Structure formats: C-alpha cells, structure tokens
There are 2 protein chains.
Amino acid sequence: MQLRNQVEWALHCSAVLAGVPPGRFLPARALAEFHGVPQAYLSKALQALARAGIVEGTLGPAGGYRLAKPPAAISFLDVVEAVEGRASTFACAEIRRNNPCASPAHPPTGPCAIARVMWEADEAWRARLAAVSLADLGATLAAELPAELRDGIAAWVADRT
Amino acid sequence: MQLRNQVEWALHCSAVLAGVPPGRFLPARALAEFHGVPQAYLSKALQALARAGIVEGTLGPAGGYRLAKPPAAISFLDVVEAVEGRASTFACAEIRRNNPCASPAHPPTGPCAIARVMWEADEAWRARLAAVSLADLGATLAAELPAELRDGIAAWVADRT
DNA sequence: ACAATTCGGATATTGAATATCCGCTATAGC
DNA sequence: GCTATAGCGGATATTCAATATCCGAATTGT
Ligand code: SF4
Ligand code: SF4
C-alpha cells in the first residue's frame with residue numbers, strides 16, 4: 001500500500017503556493033522546474049487540487065495557480081484526499097456472504113467487526129492529517145529552514161509571478 | 001491507495017484459526033472454501049503469515065495451519081504488516097534536492113516537515129491496529145454473531161481438522 | 001514401504017492502476 | 001485582431017497486483 005507520488009508533489013506545491021504574494025499566480029511550469037518533476041504529470045495533480053477547490057488556476061500569460069483559500073484553512077488531509085481520493089484503505093469484499101454455514105435467509109447485517117477496526121484506524125490517520133494546516137507547515141519551515149535559503153526561494157518565486 | 005485484498009483474507013483466516021481446537025490443524029483448502037476465494041492465491045497470504053511467525057503449517061494428511069501464538073498475543077497490525085509489508089505509506093523521493101535555490105554545498109538534513117507529518121499519521125494508524133488483538137476480535141464476534149451461526153461454524157471447522 | 005495429502009516456492013498470465021506524454025482550447029497582453 | 005502563454009482533457013506506456021498452474025519436499029496413515 002503506497003500513496004501516489006503526486007501526493008508528495010501536491011503537498012510541496014501547496015507549500016510553495018502558500019508563499020506566493022497575494023493576487024499573483026505561479027505557473028505549473030515553474031512548480032515543475034522547482035521540484036524537478038515532469039511538468040505534464042504535475043499538472044494532473046494541480047488539476048485535482050483545483051477540482052477540490054484548494055487552488056485556482058487562470059489562463060494566458062502571467063497565468064498560473066494560487067491558493068483558493070487562506071493557508072490556515074487548508075489541511076494536509078484536504079490536499080491528500082484531493083489527489084488520492086476519499087476511499088477507505090480497507091475495501092470490504094463481503095466475503096462473509098460466501099460462508100457455507102450462513103443461512104441465506106439471514107444475510108449478515110451491518111459492517112462486521114473486522115471492517116470496523118480497520119476503518120477506525122483509517123479515521124485516526126485522517127484525524128492526524130486534518131489537524132495540520134498549511135499555515136502550520138509554513139511556521140515549521142520558517143523555523144527550520146536557513147534564512148538564506150528562504151529568501152532565495154522567495155526571490156525565485158517572485159521572479160516568475 | 002488501497003490495501004491488498006489479501007489483507008482481508010488474512011484477517012478472516014486468522015479469526016477462523018483462532019477458533020480451531022488446540023493441537024489441531026485446518027488446511028488451506030478448507031479456509032479457501034469457507035471464504036469463497038481462490039485457494040492458490042490464499043496460500044500466498046498464509047505463507048506470508050507463516051513467515052511472520054503468526055501461523056504455522058504442517059504437512060501431510062491431517063495437516064494444515066494453526067495459530068503459532070495465543071490470540072491475545074496477535075494484533076491486527078501483526079497480520080496486516082505480515083502480508084502488506086512494513087513500508088510507510090508516504091514514500092519521500094527527496095525532491096527537495098532538485099530545488100534550484102538550494103546550495104549544493106549544504107544538502108538538506110534530516111526528514112523534512114512534510115514527511116514528518118505524514119509519518120506521524122502513519123504511526124497513528126499503526127497504533128490503532130496494534131491496540132486490537134485477535135482475542136478482542138473473538139470477543140466481539142462472540143457477542144454479535146447469532147449463537148446458531150457460531151455453533152454451525154464451530155461444527156464445520158471441527159469436521160475438517 | 002507406499003500412497004495420499006498438504007505446505008512451500010517458482011513461474012506465467014492477465015488486468016487494472018499508475019506514471020507519462022501530447023494536442024486542444026481559452027485567456028491576456030500588445 | 002494576433003500571438004504567445006498556460007491550463008485542460010484525452011491518449012499512451014509502464015508498472016504492479018491478482019490469479020492460475022505446476023512441481024518438489026515433507027509428513028501421516030495404511
Ligand atoms: S471485512 Fe467484515 S464485512 Fe468485509 S468481507 Fe470480511 S467479514 Fe465481511
Ligand atoms: S517530503 Fe520532505 S524530505 Fe521528502 S522530498 Fe518532500 S521536502 Fe524532501
């Protein structure tokens with residue numbers, strides 16, 4: 001079980017977009033170059049973010065993407081689910097129906113004990129991701145990244161908006 | 001992102017094996033028939049459980065599988081990781097190294113803030129699964145399943161051990 | 001000893017999901 | 001209005017999971 005690599009890209013792009021000056025747009029080409037990933041494929045992730053209402057894109061020269069909401073209103077979970085989907089990691093195939101002992105007249109009702117445990121774990125995973133926003137991430141990065149690098153990135157971004 | 005369906009099968013098989021009389025073995029063929037799944041593929045999951053020390057198999061007629069430890073000592077996490085692996089769901093490709101602003105002389109050190117959040121969520125998921133044992137599952141099933149069905153299953157199992 | 005079973009592992013095949021690429025259309029600025 | 005630019009959606013290739021098949025080794029009951 002593994003998340004798509006687009007999840008990582010989307011999180012990085014969100015972090016970068018959180019640092020774009022208000023009212024400006026950063027093109028997907030720049031985001032792809034910045035992270036060293038294929039531009040056409042990264043677009044897919046950005047499109048997914050746009051569909052989820054996390055970012056918004058505009059066409060033409062000086063176009064690109066920007067966050068559609070303030071960074072504090074966007075959680076890791078929002079970004080992850082936008083590109084990965086909301087499906088549970090545990091897919092129940094209802095194999096208990098094949099049980100030769102079960103009476104066909106009384107089909108099992110409700111989610112079984114196994115599925116409930118797995119879904120609970122899923123929920124704990126989600127809760128953790130929902131508790132961290134892009135604003136939190138920005139604060140952490142501001143504290144950890146060397147000031148020199150941070151300024152360099154800001155200048156690099158400002159240069160292409 | 002989705003777990004393999006073998007995870008579901010492995011959990012069901014573990015639950016059934018927890019009900020096998022001590023000292024007896026239940027063959028993979030019976031487990032496959034019971035759940036209505038392909039026998040050859042289910043063997044793969046059982047072999048993974050055997051490698052992880054969760055179940056043990058024995059050869060010859062009257063052979064089969066049984067739990068290698070008491071049900072209270074086997075957690076959901078043990079079973080899930082046995083067939084799914086212990087790899088984190090979030091694979092970090094270190095794309096921050098491609099950052100054109102970073103100085104090649106000072107490579108980023110330690111796991112970054114994004115990866116840390118994702119791993120924390122993973123850890124929460126694991127913790128939930130580690131907290132539930134096969135004995136807990138058995139207790140839940142005993143409380144929820146109709147007595148008639150439970151006896152039917154016990155008889156069906158006893159018939160093939 | 002022998003034959004019937006059963007696990008164990010290797011291998012091939014299929015199909016779906018993922019990663020990647022390319023052409024189209026809409027927009028902004030001159 | 002023309003052109004360069006950028007996002008959008010569909011088409012393509014690659015990877016990986018799911019399944020079937022086979023044979024060998026070990027064990028038990030006859
Ligand atoms: S996980 Fe539960 S509901 Fe799903 S197939 Fe198994 S027994 Fe049925
Ligand atoms: S998740 Fe963190 S460590 Fe991994 S590539 Fe992104 S920035 Fe680097």
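Values below: every heavy atom of this structure, side chains too, minus hydrogens, waters and symmetry copies. Bear in mind the structure is a predicted one, so any value in this text is a computation, not a measurement. Below, chains carry the letters A, B, ... as their sequence lines are ordered, and counting in each starts from 1.
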- [ ] Starting from C1' on C:dG9, measure out to CG on B:Leu46 and report it in whole angstrom.
- [x] 14 Å
Open item on the list: Applying a 4.0 Å non-hydrogen cut-off, can you work out what B:Thr58 is touching in the nucleic acid: base, sugar-phosphate, or nothing?
Closed with: sugar-phosphate
- [ ] Could you tell me whether B:Tyr65 contacts a base, only the sugar-phosphate backbone, or nothing, with contacts defined as non-hydrogen atoms closer than 4.0 Å?
- [x] sugar-phosphate
- [ ] Provide the closest heavy-atom pair for A:His35 versus B:Asn98 in the form atom of the first, atom of the second, distance.
- [x] O-CB, 3.4 Å
Open item on the list: Test your reading of the model: is there a side-chain donor-acceptor pair from B:Arg66 to the backbone of B:Val20, 3.5 Å cut-off?
Closed with: no
Open item on the list: Rounding to an integer number of Å, can you tell me how far B:Phe25 CZ sits from C:dT5 P?
Closed with: 19 Å
- [ ] Consider the side chain of B:Arg4, meaning its heavy atoms from C-beta on, and name the nucleotide among D:dA17, D:dG10, C:dC22 that approaches it most closely.
- [x] D:dA17
Task: Spacing between B:Arg24 atom CZ and D:dT27 atom P, to the nearest angstrom - done: 20 Å
TODO: Name the residue closer to the 5' end of DNA chain C, choosing between B:Arg29 and A:Glu84 according to the nucleotide with the nearest heavy atom.
DONE: B:Arg29
- [ ] Would you mind reading off the distance between A:Leu3 atom CG and C:dT18 atom C1', rounded to a whole angstrom?
- [x] 13 Å
Task: Atom-pair distance (NE2 on B:His35; P on D:dA18), nearest Å - done: 17 Å
- [ ] Classify the nucleic acid contact of A:Ala28 as base, sugar-phosphate or nothing, counting any heavy atom under 4.0 Å across all strands shown.
- [x] sugar-phosphate
Task: Least distance between heavy atoms, A:Arg160 atom then A:Ala30 atom - done: CD-CB, 4.1 Å
Open item on the list: C:dG8, OP1 or OP2 - any side-chain N/O from B:Arg51 closer than 4.0 Å?
Closed with: no
- [ ] Figure out the CD/C1' separation between A:Gln39 and C:dC21, and round it to whole Å.
- [x] 10 Å
Open item on the list: By nearest atom, which of the nucleotides D:dT5, D:dG7, C:dT18 is closest to the A:Pro27 side chain?
Closed with: D:dG7
Task: d(CD, A:Glu56; P, D:dC8) in whole Å - done: 11 Å
- [ ] Can you figure out which of C:dT18, D:dG29, D:dC8 approaches the side chain of A:Gln47 most closely?
- [x] D:dC8
Open item on the list: If you only use heavy atoms from C-beta on, which nucleotide in C:dT27, C:dG8, D:dA25 is closest to the side chain of B:Leu59?
Closed with: D:dA25
- [ ] For A:Ala10 and A:Val79, work out which heavy atoms get closest and say how close.
- [x] CB-CG1, 3.8 Å
- [ ] Let me know the distance between CE of A:Met1 and P of D:dA18, rounded to the nearest Å.
- [x] 13 Å
Task: Side-chain N or O of B:Asn5 closer than 4.0 Å to phosphate OP1/OP2 of D:dA17 - done: no
TODO: Ignoring the backbone of A:Tyr41, work out which of D:dA11, C:dT18, C:dC22 is nearest its side chain.
DONE: C:dT18
Open item on the list: Any heavy-atom pair between the side chains of B:Val37 and B:His12 that's under 4.5 Å?
Closed with: no
Open item on the list: Looking only at the side chain of B:Pro61 (C-beta and beyond, no hydrogens), which of the listed nucleotides C:dT27, C:dA19, D:dT28 gets closest?
Closed with: D:dT28
Open item on the list: By nearest atom, which of the nucleotides C:dG29, C:dG8, D:dA18 is closest to the A:Ala62 side chain?
Closed with: C:dG29
Task: Nearest non-hydrogen partners of B:Ala28 and B:Leu42, listed with the distance - done: O-CD2, 4.2 Å
